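Okay, so here's the structure we're looking at.
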Amino acid sequence: EAGVAQSPRYKIIEKRQSVAFWCNPISGHATLYWYQQILGQGPKLLIQFQNNGVVDDSQLPKDRFSAERLKGVDSTLKIQPAKLEDSAVYLCASRLTRGTGTGELFFGEGSRLTVL
Amino acid sequence: TQLLEQSPQFLSIQEGENLTVYCNSSSVFSSLQWYRQEPGEGPVLLVTVVTGGEVKKLKRLTFQFGDARKDSSLHITAAQPGDTGLYLCAGLNAGNMLTFGGGTRLMVKP
């Protein structure tokens, strides 16, 4: 079974530029997450989708970050304009279980962003 | 926002030693998961604990969920260099939000 695919793996941009990350979850997984992991810290949830609807985006900096999951499959996360503090690894994860449960999150390898 | 605090943040030990990592919160979680993350990769699930007081064993790893479902611990017996990595606890709330702790970076020296 194919895992969660993310691209690009690495991206270097200058501040105020824009960047987009793409995620293809495991087939059939209804729930998709985007996490931001700054070096040396645990992942911080940015946004959670259930199919193509947003479940939680309370920690997404909406003035510069946006995310969508059209058709309830692939997802993109965009940053515009980027700031130095956005340098981090952006992890996408998907989960099969709906509703309450203890379903495992499957993570992609992440997209490492460096903002200069 | 529910917070999970992990301690210690860093741990460097010799092969064969035992260690315990703690994960504490003031919030109650419906379940708690432990993940391990290696450099350049995403976290991988080790275990999920659901019931207060539950203890689960995975070879040399023992996981415990507190009676009040607010805290958890991970104990590794006779650590090996292959155990080196970032250990993350994550709490799942009733809204299916998974919140991660800050992580414990473990290094096991041969």
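What's counted below: heavy atoms across the whole structure, side chains too, no hydrogens, waters or symmetry copies. Sequence lines set the chain letters: A, B, ... in the order given, protein chains first and strands last, and positions in each chain run from 1. Bear in mind the structure is a predicted one, so any value in this text is a computation, not a measurement.
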* When you check the side-chain N and O atoms of Gln37(B) and Gln37(A), is any donor under 3.5 Å from an acceptor? -> yes
* **Largest heavy-atom contact set with chain A, pairs under 4.5 Å, which of Gly42(B), Gly102(B), Pro43(B)** => Pro43(B)
* Treating Ile, Leu, Val, Met, Phe, Trp and Tyr as nodes and any side-chain heavy-atom pair under 4.5 angstrom as an edge, say whether Trp34(A) and Leu92(B) lie in one connected cluster. => no
* Verify same cluster id: Ile76(B), Val49(B) (apolar side-chain graph, 4.5 Å) -> yes
* **side chain to side chain contact (heavy atoms under 4.5 Å, CB included) partners of Thr84(B), counting only residues at least two apart** => Val108(B)
* First locate atom CZ of Phe100(B), then atom CG of Leu91(A), and finally report the distance between them rounded to the nearest 0.5 Å. => 8.5 Å
* Structure fact -> One should read off an interatomic distance between Thr99(B) OG1 and Gln59(A) CD, to the nearest 0.5 angstrom, of 7.0 Å
* If you draw a 6.0 Å radius around CD in Glu17(B), do more than 12 non-hydrogen atoms from other residues or ligands fall strictly inside? -> yes
* CG (Leu39(A)) with more than 12 external heavy atoms under 6.0 Å -> no
* Asked: Which atoms of Tyr35(B) come close to chain A, meaning under 4.5 Å heavy atom to heavy atom: side chain ones, backbone ones, both, or neither?
  -> side chain
* Structure fact -> Bottom line for Leu32(B): the part with an atom under 4.5 Å from chain A's heavy atoms is neither
* Does any non-hydrogen side-chain atom of Pro43(A) lie less than 4.5 Å from one of Leu98(B)? -> no
* Asked: Would you call Thr48(B) and Glu104(A) a side-chain contact if the rule is heavy atoms closer than 4.5 Å?
  -> no
Show me the side-chain donor-acceptor pairs of residues 107-114 of chain A shorter than 3.5 Å, one per line, residues at least two apart or across chains.
residue, atom, partner, partner atom, Å
Glu109(A), OE1, Arg9(A), NH1, 3.0
Ser111(A), OG, Pro8(A), O, 2.6

